[in-house]
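Bear in mind that the values here come from a model prediction, so they are computed numbers and not experimental data. A, B, ... follow the sequence lines: proteins, then strands. Residue 1 opens every chain.
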Amino acid sequence: MSEPLAPQYNPSTIESELYRWWTERGLFAPESQAPGSGEPYVIQMPPPNVTAVLHMGHGLNNTVQDVLIRFERMRGRRALWVPGTDHAGIATQNVVERELAQEGFTRFDLGRDAFVERVWAHVRETGAAILDQLKAIGSSADWSRTYFTLDEGLSRAVRETFVRLHEEGLVYRGHYIINWCPRCLTALSNEEVEKEEVEGHLWHLRYPLADGSGHITVATTRPETMLGDTAVAVHPDDERYHGLIGGEIRLPLVDRLIPIVADEAVDPAFGSGAVKVTPAHDPADFDIGRRHSLASIDVMTPEARISLAAPDRFQGLDRYEARRRVVAEFQSAGLLDRVEAHRHAVGHCYRCNTVIEPRLSDQWFVRMEPLAKPALEAYRNGTLRFVPERRGDDYSSWLEGIRDWCISRQLWWGHRIPVWYCDATGCGRVSVSRQDLSACPGCGGPVRQDEDVLDTWFSSWLVPFSSLGWPNRTPDLDTYYPGHTMVSAPEILFFWVARMIMSGLHFMGEVPYTDIYLHGTVRDTQHRKMSKSLGNGIDPLEVVERYGADALRYSLISGMSVGTDVILDPQDLESSFAPARNFANKLWNAGRFILSNLESATRPLAGPHAAAVRRAELTLADRWIIARCDATVVEATQAYERFRLNEAAAAVYRFIWSDLADWYIELVKPRLYGDQPGGDVARAVVVQTFDVALRLLHPVMPFITEALWRRFPGRAETASISVAPWPRQDQRAQDPDALRDFGLVQELIGAIRGIRAEYGVQPGQVVRAVVSGSDGSTAALKQERATIVRLAKLSAVTFAPNQERIGGHAVLSNRTAVFIPLGEAIDIGRECSRLGTEAERLLRLVESQEKKLGNEQFVSRAPAEVVDREREKLTTWKEQAGVLLKKRELLGCS
RNA sequence: GGGCGAAUAGCUCAGCUGGUUCAGAGCGCCUGCCUUACACGCAGGAUGUCGGGGGUUCGAAUCCCUCUUCGCCCACCA
């Protein structure tokens, strides 16, 4: 590592080499970090779906986790980040089905076993690519603990959970209306249905009374379901229909007699106040049907075509064709009362966006209320903390209204349901078992396993303990359960996060983590979510290749504040990622420069904060940068602790660029060259503060910080910044005087530069400056005289009262005046107006300030220190304005 | 239909407990510089009715109400 460093930082080779080095050293395993000492700190990675390679959302999610895990690791915790991938039942099955479709096949052509084998092939490929991507962005997860949700161990946990919940009466099989996707041909949970507002219609249909005495009008958004109607319902108190309750309707098209029933669920104010009842195709109707012992007629096939239960001419029609046909027939029979435009929410499959069909079927459910209660309590008693806080409301209101969870899926890819049905006549036993069964435990007869698989979330809700070996009681489980922070996208709060809390409390007796950080979504500049179908995605790997992983990470972190989305422009990667790349380059060059000036060091450079030098040897600038560094330690540490990662990143950025590079390094250059007086002190201070900056930045930019940090003298070959101790605040570093005094130096240099620019003084030309002020106000400036001369490009600076006329004038915030004689270069008129404008600005401030202080209410009601502060401001502004006006007089301005 | 959030420079956003970061940062723009760490850089500069209206207060970008516009979550009125 001693080859000369290139002036332009090139992340690609450095990153891959360092990553290999980290993993070879096993730095990401908690065992090799702080053996036995630090408290564990555990993050469970939301396992990416093996459907496809990762997108920017994953980039953000995993960067946040990595920042937190690296932060806590450096703070001495035994940090464990558990990685994994999710088999993603329905999603992965769909992806492979689409692949097959391209080849002209369906999964049924292949058969179950061959299809599942095919999915495995996809999984092996994608799963490996995903892990590579996670590594490419620098994720410091413990890969030795990587799991896949269909692994043997996690499958055992799934089975144990199912059986145990069944034993407890919390898993049951039921015949209910569920959400059915006619494309995926499976049941879905309520959470898997996305409601979307659509402009639909409300058809008002006339149902003739059986006795021919008239009709009842019912309104529906899905006319085709009338083929399965088995009643018409009205509210029991609805006067309009009193005489009709108990009567019958002759159902058009089907010619079936169905009763008119009274049910409280009917809203008399909606539509006609009468509702058609289709128990097989609507959850509300199903309930009405139960209350009135109505038949359920299933008029749809799984594919949402009209079934054999309907009249011949409708059979086989797609649901929408059937809808048109039904409406047309009502119309021609004169039974279509009217059609209204109607805006309503329609459920769509969250995986293929097909409109959901409520369907009556046998499915397995988890009884959720008993699980939800403790999960709700954990929030109410403050055990769980949400960031941002308001997400806690979403969590609790979801739990309060929770409904049972349909967990069976009519898919082939997933954990097979551990239930066996006995086929022996007269037995029919249903066995729920931890072990595979080959015979009925009751009669010894032949059994067949339930064909269905479990909801993919039924395995992922166990991850916080199943990934650690549960149901076995393993050392990992003892040590790393419960974990600490969950970093998740808000979309999966209910699917995953809330359910993990329920399972954790139920099976482990403790919440799986206490802090839940829900970050935003990555969107394009039109605020659209990045997606493959919109083509507005950004490939994280492309960004890593072009800008480096550190730049990717920094951009994501700095673009994100608590509770807001990250906006990136897919059309213009440069504007999104160049600033971070530039920052990396800046850091690289600062490091390069510092390193190149350490050879002449004669004193040790390492050690606790500025311990290598004595206080008395420090210049004002040294004291200033040490104080700024310390303030940055505090600011960044607090920001990381509060999940304000963008603020932490910004604080370090400011320190490195605006303080260290722009000022301190510039200023200290003469001391560093050769064997200058104070050279060792400067070297010690610059190394010290740069080292702190690298450590503070490491969680966000792990690669470049490591690359630089390792090159500093005195580092052991095996030392890594990733386990270097986190910088601590140092009371001795605090130095308000230095902050104030050096601020004045900066202000003076800025004022002189401003005058130079104003009058177009050539950069190469040196000028003289005269500074006048009281001894007290110029003491600090005198200390840094050489700095002022160099950075303001002066021939000399003198401290004396000034009566010269022709030049540029300025006045600092402590009333010190500056004068630059410019001879012919100056345009007196221009200087007059420049001074005039500035004086006017100050006088306006003075005026409003006088008004404020003249206000009795303010003086008497505002706190004394505020009033004092405002008085001081007034004095300063007044005097500043006075100095400028005097200069104008001197110049003979009109 | 219920709940929540956001609106600040051309763009992306900070501004946390009302008053010393109070109108800011980065990008973009303008001017001048290849000053031997860095042109992915340096120095300087311009840019705002803090979404509209009302209120509370000595004092509001900040707190309250209201309107407008965007976004998110929830919802079995067919």
Side-chain angles (χ1 to χ4, degrees), chain A residues 5 7-9 177 195 202-203 218-222 225 233 265-267 269-278 282-287 342 344-345 347 358 388 390-391 393-394 397-398 401 490-491 493-494 520-521 523 525 527 547 551 558-569 572 574-576 578-597 642 644 646-647 650 653-654 658 661-662 665-666 669 673 749-750 753-758 760-764 791 793 852 855-863 865-867 869-870 872-873:
Chain A
L5 306 182
Q8 207 159 86
Y9 176 58
I177 295 266
K195 292 294 178 64
L202 197 55
W203 285 272
V218 296
T220 179
T221 55
R222 294 184 296 149
T225 62
V266 180
D267 177 3
F270 188 87
S272 63
V275 60
K276 60 189 273 310
V277 181
T278 323
D282 185 278
D285 292 6
F286 179 77
D287 292 340
H342 183 63
H344 62 135
R390 63 188 149 81
R391 292 291 182 182
D393 294 342
D394 295 347
S397 55
W398 182 75
E491 294 96 281
L493 175 59
F494 307 140
T521 308
R523 298 175 185 277
T525 47
H527 294 218
Y547 300 95
S558 65
M560 168 203 73
S561 63
V562 169
T564 68
D565 292 333
V566 179
I567 311 292
L568 296 173
D569 188 352
D572 185 7
E574 193 67 12
S575 79
S576 299
R581 185 262 327 263
N582 295 353
F583 177 47
N585 195 239
K586 183 75 181 178
L587 182 64
W588 180 253
N589 277 289
R592 215 161 60 91
F593 177 76
I594 294 168
L595 282 167
S596 71
N597 284 291
R642 298 169 65 203
R644 295 179 174 254
N646 59 323
E647 291 178 24
Y653 178 101
R654 268 195 307 273
S658 309
D662 283 354
I665 291 179
E666 279 311 318
K669 274 177 179 173
Y673 295 142
I749 293 169
R753 284 171 172 172
I755 290 168
R756 293 181 62 113
E758 174 82 16
V761 178
Q762 290 305 304
L791 296 188
K793 297 199 164 114
K852 193 185 223 177
N855 184 342
E856 277 308 313
Q857 304 283 353
F858 171 70
V859 178
S860 57
R861 297 198 192 187
E865 63 265 29
V866 172
V867 177
R869 204 160 55 213
E870 298 298 321
E872 248 171 77
K873 276 199 227 170

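As judged by a 4.0 angstrom heavy-atom cut-off over every strand, A:A590 is placed among the base-contacting residues. Within 4.0 Å (heavy atoms only), A:E856 reaches no atom of the nucleic acid at all. A:D662 comes within 4.0 angstrom of sugar-phosphate atoms only, judged by non-hydrogen atoms across all strands, and of no base. Here A:R753 lies in heavy-atom contact (under 4.0 Å) with sugar-phosphate atoms only. Nucleic acid contact for A:S596: none, since no nucleic acid atom lies under 4.0 Å from a heavy atom of the residue.
Atom P of nucleotide B:A39 and atom CZ of A:R581 are separated by 12 Å, given to the nearest angstrom. Here the C1' atom of nucleotide B:G32 and the CD1 atom of A:I755 are 17 Å apart, to the nearest Å. Between the P atom of B:A6 and the CD1 atom of A:I567 lies a distance of 15 Å, rounded to the nearest Å. Atom pair A:K669:NZ and B:C42:P shows a separation of 11 Å (rounding to whole Å applied). One can place CZ of A:R644 at 14 Å from C1' of B:C13, the figure rounded to the nearest angstrom. Rounded to whole Å, the distance from CD1 on A:I665 to C1' on B:U35 is 16 Å. One interatomic measurement links the two molecules: CG of A:N646 to P of B:C13, which rounds to 12 Å at whole-angstrom precision. Atom-to-atom, CZ of A:F583 to C1' of B:A37 comes out at 15 Å; the value is rounded to the nearest Å.
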Distances under 3.5 Å only, N/O to N/O: pair up the protein atoms with those of nucleotides 23-30 of chain B.
none

What does the list of N/O pairs under 3.5 Å between the protein and nucleotides 19-21 of chain B look like, with a distance for each?
{"unit_1": "B:G19", "atom_1": "O2'", "unit_2": "A:R869", "atom_2": "NH2", "d": "2.7"}

List, with names and distances, any nitrogen or oxygen atoms from the protein found under 3.5 Å away from nitrogen or oxygen atoms belonging to nucleotides 71-78 of chain B.
{"unit_1": "B:A75", "atom_1": "OP1", "unit_2": "A:R403", "atom_2": "NH2", "d": "3.4"}
{"unit_1": "B:C76", "atom_1": "OP1", "unit_2": "A:R403", "atom_2": "NH1", "d": "3.1"}
{"unit_1": "B:C76", "atom_1": "OP2", "unit_2": "A:K195", "atom_2": "NZ", "d": "3.3"}
{"unit_1": "B:C77", "atom_1": "O2", "unit_2": "A:D267", "atom_2": "OD2", "d": "2.3"}
{"unit_1": "B:C77", "atom_1": "N3", "unit_2": "A:D267", "atom_2": "OD2", "d": "3.1"}
{"unit_1": "B:A78", "atom_1": "OP2", "unit_2": "A:H342", "atom_2": "NE2", "d": "3.4"}
{"unit_1": "B:A78", "atom_1": "O2'", "unit_2": "A:A219", "atom_2": "O", "d": "2.9"}
{"unit_1": "B:A78", "atom_1": "N6", "unit_2": "A:D267", "atom_2": "O", "d": "2.6"}
{"unit_1": "B:A78", "atom_1": "N6", "unit_2": "A:F270", "atom_2": "O", "d": "3.2"}
{"unit_1": "B:A78", "atom_1": "N1", "unit_2": "A:D267", "atom_2": "N", "d": "3.1"}

- Item | Test log, rule salt bridge (charged side-chain N to carboxylate O under 4.0 Å, His left out), inputs A:R869 and A:E872 | CA-CA 5 Å; A:R869 204 160 55 213; A:E872 248 171 77; over 6 Å; no
- Message: Evaluate A:R753 against A:L791 for side chain to side chain contact (heavy atoms under 4.5 Å, CB included), listing each step before the verdict.
- Response: CA-CA 9 Å; A:R753 284 171 172 172; A:L791 296 188; 4.0 Å; yes
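Between the side chain of A:E647 and the base of B:C16, at least one donor-acceptor pair of N or O atoms lies under 3.5 Å. Side-chain N/O atoms of A:Q8 and base N/O atoms of B:A39 include no donor-acceptor pair closer than 3.5 Å. Counting atom types as modelled, A:R642 pairs a side-chain N or O with a base atom of B:C16 as donor and acceptor under 3.5 Å. For A:K586 against B:C38, a side-chain N or O and a base N or O form a donor-acceptor pair under 3.5 Å.
Within the shown strands, nothing qualifies as a pairing partner of B:G28 under the Watson-Crick or G-U definition with both distances less than 3.5 Å. B:G48: no Watson-Crick or G-U partner with both key distances under 3.5 Å is found in any strand. For B:A7, the paired base is B:U68 (Watson-Crick or G-U wobble, both distances below 3.5 Å). Shown here, B:G2 forms a base pair with B:C73; the pair counts as Watson-Crick or G-U wobble because both key distances fall under 3.5 Å. Under the Watson-Crick or G-U wobble criterion, with both distances below 3.5 Å, B:G41 is paired with B:C33. With a cut-off of 3.5 Å on both Watson-Crick or G-U wobble distances, the partner of B:G18 is given as none. B:A78 makes up no base pair with any nucleotide shown, lacking Watson-Crick or G-U wobble contacts both under 3.5 Å.
Remark: the separation of the C1' atoms in B:C27 and B:C40 is 13 Å, to the nearest Å. Using atom C1' as the reference point in both B:U47 and B:U8, the two lie 13 Å apart (nearest Å). Here the separation of B:G15 from B:U31, taken at their P atoms, is 34 Å to the nearest Å. As rounded to the nearest Å, B:C11 and B:C16 have P atoms that lie 22 Å from one another. One P atom belongs to B:C70, the other to B:C64, and the distance between them is 23 Å to the nearest Å. Atom C1' of B:C42 sits at a distance of 38 Å from the matching atom of B:A6, rounded to the whole Å.
Between A:Y673 and A:F593, the ring planes lie perpendicular to each other; the angle is over 60°, past the 30° to 60° tilted range.
Stacking of A:K586 on the aromatic ring of A:Y653 is not recorded, the 6.0 Å distance cut-off and the 45° axial limit not both being met.
Rounding to the nearest 0.5 angstrom, the gap separating the CG atom in A:N582 from the OH atom in A:Y9 is 13.5 Å. Residue A:T564 holds its OG1 atom at 7.5 Å from CG of A:N646, rounded to the nearest 0.5 Å. Rounding to the nearest 0.5 Å gives a distance of 9.0 Å between CD1 of A:I567 and OG1 of A:T521. From A:D282, atom CG reaches atom CG of A:D285 across 4.0 Å, with rounding to the nearest 0.5 Å.
The two residues A:E574 and A:R581 make their nearest non-hydrogen contact at OE2-NH2, 3.1 Å. Taking each heavy atom of A:P358 and A:P283 in turn, the nearest pair found is CB-CD, 4.0 Å. Nearest heavy-atom pair across A:R391 and A:L493 is O-CD2, 4.1 Å. In this structure, A:V266 and A:A233 approach most closely via the heavy-atom pair CG2-CB, 3.8 Å.
No donor-acceptor pair under 3.5 Å is formed between the side chain of A:R523 and the backbone N or O of A:V566.
Residue A:K793 places no side-chain N or O under 4.0 Å from the OP1 or OP2 atom of B:U35. Contact annotation: A:R756 side-chain N/O to B:U35 OP1/OP2 distance is not under 4.0 Å.
Here the side chains of A:L202 and A:H344 are not in contact, with every heavy-atom distance at 4.5 Å or above. Contact annotation: the side chain of A:R222 never approaches that of A:K276 to less than 4.5 Å [non-hydrogen atoms, C-beta and beyond].
Glycosidic conformation of B:U17: anti, with the torsion beyond 90° of 0.
Among the nucleotides B:A37, B:U12, B:G15, the one closest to the side chain of A:N589 is B:A37. Side-chain proximity of A:R390 to the nucleotides B:C4, B:G44, B:C40 is greatest for B:C4.
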